[in-house]
Each structure stands twice: as structure tokens, then as C-alpha cells.
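What follows is a short report on a single structure.
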Protein chains: 2
Amino acid sequence: MKVSQRTEYGIRAMISLARHYDNGPASIKEIATGEGIPGAFLEQIMAELRRGGIVESQRGVNGGYMLSNSPSETSVGTVVEILEGSLSPARCESDCSKMPDCSTRTVLKRIEESITETLDNIYLDELLKVGVHEQ
Amino acid sequence: MKVSQRTEYGIRAMISLARHYDNGPASIKEIATGEGIPGAFLEQIMAELRRGGIVESQRGVNGGYMLSNSPSETSVGTVVEILEGSLSPARCESDCSKMPDCSTRTVLKRIEESITETLDNIYLDELLKVGVHEQ
DNA sequence: CTAAATCCGACTAAATTAGTAAGGTATTAA
DNA sequence: TTAATACCTTACTAATTTAGTCGGATTTAG
Ligand code: FES
Ligand code: FES
């Protein structure tokens, strides 16, 4: 049930952007060196977050990334959902026509609801109060 | 955040044992064919659950596995914890002396607590009421 | 003794994840 | 207008993890 390195980097980058909010765009290079994340890898991650709509990009000199919405409006749930695909731990797809009440799915469904609710209620601004991640 | 196939098999096997409770031990072969799980793989999984203390085994003819405690005392949380190693999604280890309040860990810690609480409150007997998993 | 079962460890193959590399495109400062 | 900056995109590789197999040893009932 570990979150992927990719997602952890994504969360850290988002926190970094939140910290930088109202201070113009932050470039990949800045974020990467600041957080100790491989630049080319972070580039992929940021592109995905942009396609997910929670960050915006500015190309060219002095460009970079910035949050689409304020830190207090951006939840960690959204970040994880974009990067991790879906929060559902189920392997069996949603229809499952033959067995709509399968007990395994019941368990997995509950896990999902629990995770979703937790993450959707953590906003980036809360996280600015606590410390910065150190490798 | 998907749960591994291994763990899903484990949950299903445990539900199977719960259904079989008060009916003597159930063999790997029985469970495997009944649930559509590869036998040799299930063997590994059951051994791990036994080492985790939630099932007991009986060797030899007419042997097999049985729950150590009743279905109403056996939580899914324990099953997942044994098979998935830990429920913590954090990658960074517990001490993290340099940065005890790292924001990333704060997030991951909350996810963990949420999952743990959810799973620890689902007991096998509840799951007997709903349907059986069909491939 | 023998058949049925768990037990154990090593092994392989497939899939996923982490990370790299290279070249293109838009933007802007000078 | 040009050069530098930084995003954009795709393809590739390497490492790790996961899923599953295999062979043999041990235990036990009949
Ligand atoms: S999780 Fe350890 S420093 Fe952030
Ligand atoms: S039958 Fe689909 S999850 Fe069980």
C-alpha cells in the first residue's frame, strides 16, 4: 500500500509551489534542486499535474509552474488522484455483473472511501505550517 | 495505492476459512480451487498468515488451515498488515531525526491512520453476509 | 508403508516503477 | 532578431517488485 515515489515527489513539489505562491512561477530546476528530485523525472510529473488542471505553466525565460488555485483550495487528494490514477485499491473492475455484492470488493471499496475522505480534507496550506522534507 | 494480488488472495482465503469455521481444517487445494487461486502461490500466502498468528495449520492427511480466532474476532486489518508488510505508505523511515515534522510525512501518516482505522473495524463475520467473489 | 497434506527455499518470468535521454516548441530579455 | 531559458513530448533503459513455479523435505492418518 505504499504510495509511489512519483506521487511522493508530486506532493512535495506541490507543497513547494504552495510555499512559493504569490511569488511568480517556480521552475522545474528550482523545485528539483530544492527538493532533491531528479529534474527530468519531475518534469514528467509536473506535466501530468498540469494536464490534471491543478497547476499552470508559463514557458520561456522566467517561466515555470504555479498553482491554479490557492493552497487553501488545493487538496492533497487531487494531487494523489492525478498521479496515482485512481484511489481505488480494487483490481476487479466496477461492473462485476456476475457478483455485485462480492465480499472482497466490499472491503476494497471501504478502503477507498476511507482514503479518499482523508486525503480530500488535507489542504496544502495546512502543510505549510509543518517542516520541510529533508532527504 | 492498489492492494497487491497477494493480499487480495489472502483476504479471500480468510473469508473462505471464516465460512468454513467449525468445520475442521480446510486444505490449500480446497481453498485454491474454490477461489480460483494458484495453489502453490496460496501456499506461500497461508504460511505467512500462519507466521502472523491468525491461522493455524494441521499437517498430514485431512490437515489444512483454520482460523486461530473466530471470524468475529478476526479483522481484515490484521490480514492486510501481515501480507502488505505495513500499512504505512511512507517511504522514509520512522526516525527521520533531522526533520521530525516533515510535511510529506504528515500527509502519509494521516493516510496510514485512516486506512488502519478503517480496516481494523471490518471483521470477517460481517463479510460472510455478502456474496462470494467470482472471478 | 503410503497417500495427503503442510513446510521451505530457491528460482523464473512478467509487470511496474524510476529514471534518462534527446529533440522540439514557445517565450522573453537583451 | 537572436540567444537563452524553460516547458513539452516521446521513447528508451535499468532497477525493482510482484506473481507464480518447482522440487523436495516433513508430518500424520489409515
Ligand atoms: S518523510 Fe522523512 S524527511 Fe520527509
Ligand atoms: S467479483 Fe469482482 S471484486 Fe469480487
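Chain identifiers are assigned alphabetically (A, B, ...) following the order of the sequence lines, protein sequences preceding nucleic acid strands; residue numbering begins at 1 within each chain.
A salt bridge links A:R6 with A:E48; the closest basic N to acidic carboxylate O contact falls under 4.0 Å. Using a 4.0 Å cut-off between charged side-chain N and carboxylate O, A:E30 and A:R19 make no salt bridge.
Regarding B:M46, its CE atom lies at a distance of 17 Å from the P atom of D:dG20, rounded to whole Å. B:R51 has its CZ atom 14 Å from the P atom of C:dT6, to the nearest Å. Distance, B:R6 CZ to C:dT16 P: 18 Å, rounded to whole Å. Taking atom CD1 of B:I45 as the reference point, atom P of C:dC8 lies 16 Å away to the nearest angstrom. Straight-line distance from the CG atom of B:L83 to the P atom of D:dT18: 12 Å, rounded to whole Å. Here the C1' atom of nucleotide D:dC7 and the CE atom of A:M66 are 12 Å apart, to the nearest Å. For the pair B:I28 CD1 and D:dG20 P, the interatomic distance rounds to 15 Å; values are reported in whole Å. Between the CG atom of A:L49 and the C1' atom of D:dC8 there is a distance of 15 Å, given to the nearest Å.
For A:S27, the listed nucleotide lying nearest its side chain is D:dC7; candidates were C:dA18, D:dC7, C:dC7. Comparing D:dT21, C:dA18, D:dC7 by their nearest atom to the side chain of A:Q5 picks out C:dA18. Here C:dT28 is the nucleotide among D:dA29, D:dG20, C:dT28 with the atom lying nearest to any side-chain atom of A:Q58. Considering only side-chain atoms of A:Q44, the nucleotide from D:dT21, C:dT6, D:dT10 that sits closest is D:dT10. For B:V61, the side-chain atoms get nearest to C:dA3 when compared with the rest of C:dA3, D:dC7, D:dA19. Candidate nucleotides D:dT9, C:dT20, C:dC8 were compared by shortest atom distance to the side chain of A:A40, and C:dT20 ranks first. Listed nucleotides C:dA18, D:dA19, C:dC8 differ in distance to B:F41; the shortest reach to its side chain belongs to D:dA19. The side chain of B:Y65 sits closest to C:dT6 out of C:dC8, D:dA19, C:dT6.
With 3.5 Å as the limit, one finds a donor-acceptor pair spanning the side chains of A:E73 and A:S70. With no hydrogens or angles considered, no side-chain donor-acceptor pair links A:E113 and A:T116 at under 3.5 Å.
Note: A:R50 CZ to A:I45 CD1 = 14.0 Å, rounded to the nearest 0.5 Å.
Scanning all heavy atoms of the two residues, the minimum distance from A:P71 to A:Y123 falls at O-CB, 3.9 Å.
Taking only side-chain nitrogens and oxygens, A:Y9 comes nearer than 4.0 Å to OP1 or OP2 of C:dG19. Phosphate proximity of D:dT9 to A:R50: present, with a side-chain N or O under 4.0 Å from OP1 or OP2. Residue A:S57 has no polar side-chain atom (N or O) positioned under 4.0 Å from OP1 or OP2 of D:dA6.
Looking at A:R59, its side chain has no donor and acceptor atom pair within 3.5 Å of the base of D:dT5.
Judged by closest nucleotide on DNA chain C, B:N62 is the one of A:T7 and B:N62 placed further toward the 5' end.
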